Amino acid sequence: MERIPILQMGACLLVTIQVDMQDQTALALQDDLAAKIEATGAHGVLIDISALEIVDSFIGRMLASISGIARVLDAVTVVVGMQPAVAITLVELGLSLRGVRTALNVERGMHMLSLSMKGRGHDSEL
């Protein structure tokens, strides 16, 4: 099974998904990310899905779940790089990704994390 790398950048974790996610890969990412947030004390998570061309309902729910888990562990999650076709598919599936923050690209996502962390009194050094 493939593992998605999780990189630390200051107080944030960066996840770049470069492969089509299978259900087991998504479940492993959820577990790995929760462990990494706990181990590093990260306050921000940026998930880049720009390489994903297809997102099914399971992957959509996993993104929402990952965001919820991060929130409980005191980290803000921003999903970036969603392609228009993916956004359309998620809406057609009835998945609004409630509670998941999104940005068009990595730069905007990092800015959003920085503002969010600063507003919550965390060190905003990215």
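Numbering of residues begins at 1 and proceeds along the displayed sequence. These numbers come from a predicted model, not from an experiment.
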Taken to the nearest 0.5 Å, the spacing of Ile59 CD1 from Ser65 OG works out to 11.5 Å
Flag for Gln83-Ser50: side-chain donor and acceptor within less than 3.5 Å: no
Hydrophobic cluster identity match, Leu46 and Ile6, side-chain contacts under 4.5 Å: no
Nearest 0.5 Å, what's the CG-CG distance between Leu63 and Leu95? 10.0 Å
Minimum heavy-atom distance Ala28-Arg3, with the two atoms named: CB-NH1, 3.6 Å
For atom CG of Leu7, decide whether the heavy atoms of other residues, nucleotides or ligands shown that lie under 6.0 angstrom number more than 12. yes
Between CG on residue Asp56 and CZ on residue Arg61, distance to nearest 0.5 Å: 8.0 Å
How many angstroms lie between CD in Gln24 and CG in Leu29, if you round to the nearest 0.5 Å? 12.5 Å
On a heavy-atom basis, the closest approach of Met21 and Ala26 is CE-CB, 3.5 Å
I'd like to know if the side chain of Ser116 and the backbone of Met112 have a donor-acceptor N/O pair within less than 3.5 Å. no
Considering all heavy atoms of both residues, which atom of Ser57 and which atom of Leu93 are nearest to each other, and what is their separation? N-CD1, 3.6 Å
Closest approach of Gly60 to Val55 (non-hydrogen atoms, all atoms of both residues): N-CG1, 3.7 Å
Answer yes if Leu33 and Val76 sit in the same cluster of Ile, Leu, Val, Met, Phe, Trp and Tyr residues linked by side chain heavy atoms under 4.5 Å apart, and no otherwise. no
Strictly distance-based, threshold 3.5 Å: is any side-chain N or O of His43 a donor or acceptor partner for the main-chain N or O of Asp74? yes
For the student: nearest non-hydrogen atoms of Leu13 and Ala42, plus distance: CG-CB, 3.6 Å
Are Phe58 and Val86 co-members of a hydrophobic cluster defined by side-chain heavy atoms under 4.5 Å apart? yes
CD on Glu2 to CD1 on Ile4, rounded to 0.5 Å: 6.5 Å
Between the side chain of Thr40 and the main-chain N/O of Lys36, is any donor-acceptor distance below 3.5 Å? yes
Would you indicate whether the side-chain heavy atoms of Val45 and Val78 approach each other to under 4.5 Å? no
Same apolar cluster: Leu104 and Val100, side chain cutoff 4.5 Å: no
Run the side-chain contact (heavy atoms from CB on, under 4.5 Å) check on Gln30 and Ile69 step by step: do they pass? CA-CA 8 Å; Gln30 176 180 278; Ile69 290 166; 3.5 Å; yes
Would you compute the distance between atom CD of Glu53 and atom OG1 of Thr89 and round it to the nearest 0.5 angstrom? 11.5 Å
Do Ile49 and Leu14 share a hydrophobic cluster (ILVMFWY, side-chain heavy atoms under 4.5 Å, transitive)? no
Test side-chain contact (heavy atoms from CB on, under 4.5 Å) applied to Val19 and Leu52, step by step: CA-CA 7 Å; Val19 297; Leu52 291 183; over 6 Å; no
So, Gln8 side chain and Gly10 main chain: donor-acceptor pair closer than 3.5 Å or not? yes
Verdict with reasoning, Leu97 to Leu90, per side-chain contact (heavy atoms from CB on, under 4.5 Å): CA-CA 8 Å; Leu97 298 183; Leu90 289 173; 3.7 Å; yes
Step-by-step side-chain contact (heavy atoms from CB on, under 4.5 Å) determination, Val79 to Arg101: CA-CA 6 Å; Val79 175; Arg101 296 175 183 205; over 6 Å; no
Please examine the side chains of Gln18 and Pro5, heavy atoms only from C-beta on, and report whether any two atoms are closer than 4.5 Å. no
State, to 0.1 Å, how close Thr77 and Ile66 come at their nearest heavy-atom pair, and which atoms those are. OG1-O, 4.4 Å
